[in-house]
Amino acid sequence: MSSTGPAVSRRQGMLIVVSAPSGAGKTSLCRAIVAARPGLRHSVSYTTRAARPAEVPGRDYHFVEEAVFRGMIKDGAFLEWAEVYGNLYGTPRASVRQWREQGIDVLLDIDAQGASQIRRQEPDAVSIYILPPSLEILRRRLEDRRADPPDEIAKRLKKARDEVKHYRDYTYVVINDDFQSSVRQLEC
Ligand code: 5GP
């Protein structure tokens with residue numbers, strides 16, 4: 001019999017993908033759930049989009065020039081990447097892998113194109129789609145948060161109409177009509 005004792009095998013962290021049309025309340029929900037769950041990390045994406053006034057580099061996104069982003073694509077630095085509303089967004093491969101190897105669950109807040117890339121590469125990933133109660137409520141939320149100019153809001157609403165059709169591809173769907181109850185559903 002071996003005297004080295006049983007091999008210690010650590011559970012690989014889960015990959016949880018959350019998508020939603022812009023304005024469905026995804027960012028706030030993701031923040032709330034990461035704050036409530038110490039064993040869960042939010043992966044900070046890279047983007048070529050300009051930072052919004054309230055955004056903090058390194059917390060909300062890593063903001064980079066397009067040339068830097070394209071170089072990272074070439075180097076295979078992204079687990080997935082996509083063009084969304086004319087800007088590039090990507091999930092860094094290294095930090096996600098490192099956390100998962102440490103048994104930490106990782107939450108990706110990415111669009112439907114990215115989610116489908118992840119599903120192909122990582123069949124065990126759990127995916128959650130957050131739906132707003134209605135497109136009218138979505139429009140109001142986008143206008144009320146005053147983060148984007150009217151033409152940008154129109155672009156986001158048009159994409160939302162197309163994107164919500166993808167909800168069937170996800171493992172779970174949460175309708176965000178009440179924040180606290182949505183947080184509880186996500187935690188489950
Ligand atoms: P926003 O510009 O409003 O922060 O994000 C626009 C969209 O890009 C959202 O649907 C968001 O989930 C998505 N997004 C953010 N980071 C990534 C990423 O790394 N990959 C992909 N595919 N989409 C992302």
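Both counts, for ligands and for their atoms, begin at 1 and track the order of listing.
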A.B. asks: What residue and heavy atom of the protein are closest to atom 20 (N) of ligand 1, and at what distance?
C.D. replies: Glu80 OE2, 2.7 Å

A.B. asks: Could you list the atoms of ligand 1 found under 4.0 angstrom from a heavy atom of Ala82?
C.D. replies: 22 (N)

A.B. asks: Tell me the protein heavy atom at minimum distance from atom 11 (C) of ligand 1, and give that distance in Å.
C.D. replies: Lys26 NZ, 3.4 Å

A.B. asks: Can you tell whether the side chains of Glu187 and Arg184 come within less than 4.0 Å, N to carboxylate O?
C.D. replies: no

A.B. asks: Taking the basic N atoms (NZ, or NE/NH1/NH2) and the acidic carboxylate oxygens, is any pair closer than 4.0 Å for Lys159 and Asp111?
C.D. replies: yes

A.B. asks: Are a donor atom and an acceptor atom from the side chains of Asn87 and Thr47 found within less than 3.5 Å of each other?
C.D. replies: no

A.B. asks: May I ask you to identify the nearest protein heavy atom to atom 19 (O) of ligand 1, giving residue, atom name and distance to one decimal place in Å?
C.D. replies: Ser45 OG, 2.7 Å

A.B. asks: Taking the side chain as every heavy atom from C-beta outward, state whether Arg141 and Asn176 have any atom pair closer than 4.5 Å.
C.D. replies: yes

A.B. asks: Is Arg145 atom CZ crowded by more than 12 heavy atoms from other residues, nucleotides or ligands, each under 6.0 Å away?
C.D. replies: yes

A.B. asks: Looking only at distance, does Tyr85 have an N or O less than 3.5 Å from an N or O of ligand 1?
C.D. replies: no

A.B. asks: Can you tell which part of Arg52 has a heavy atom less than 4.0 Å from ligand 1: side chain, backbone, both or neither?
C.D. replies: side chain

A.B. asks: What's the shortest distance from atom 2 (O) of ligand 1 to any protein heavy atom, and which residue and atom give it?
C.D. replies: Tyr89 OH, 2.5 Å

A.B. asks: Any atoms of ligand 1 less than 4.0 Å from a non-hydrogen atom of Gly114? List them with their elements.
C.D. replies: 22 (N)

A.B. asks: Under a 4.0 Å heavy-atom limit, does Asp111 contact ligand 1 with its side chain, its backbone, both, or neither?
C.D. replies: both

A.B. asks: Would you kindly specify which portion of Gln113 sits under 4.0 Å from ligand 1, judged on non-hydrogen atoms: side chain, backbone, both or neither?
C.D. replies: neither

A.B. asks: Can we say Asp151 and Lys155 salt-bridge, meaning some charged N sits less than 4.0 Å from an Asp/Glu carboxylate O?
C.D. replies: no

A.B. asks: Under a 4.0 Å heavy-atom limit, does Arg49 contact ligand 1 with its side chain, its backbone, both, or neither?
C.D. replies: side chain

A.B. asks: Among all protein heavy atoms in this structure, tell me which lies nearest to atom 7 (C) of ligand 1, with the distance rounded to 0.1 Å.
C.D. replies: Val84 CG1, 3.8 Å

A.B. asks: Is Pro21 close to Leu138 at the side-chain level, that is, under 4.5 Å between some pair of heavy atoms?
C.D. replies: yes

A.B. asks: Does the Lys NZ or Arg CZ of Arg168 fall within the cation-pi geometry relative to Tyr129 - under 6.0 Å from the ring centre and within 45° of the axis?
C.D. replies: no

A.B. asks: Is it the side chain, the backbone, both or neither of Arg156 that has a heavy atom closer than 4.0 Å to ligand 1?
C.D. replies: side chain

A.B. asks: Salt bridge between Arg49 and Glu152, side-chain N to carboxylate O under 4.0 Å?
C.D. replies: no

A.B. asks: What do we get for Tyr46 next to ligand 1 when only non-hydrogen atoms under 4.0 Å count, side chain, backbone, both or neither?
C.D. replies: neither

A.B. asks: Where is the nearest protein heavy atom to atom 1 (P) of ligand 1: which residue, which atom, and how far?
C.D. replies: Tyr61 OH, 3.5 Å

A.B. asks: For Arg120 and Ser116, does a side-chain donor sit closer than 3.5 Å to a side-chain acceptor?
C.D. replies: yes

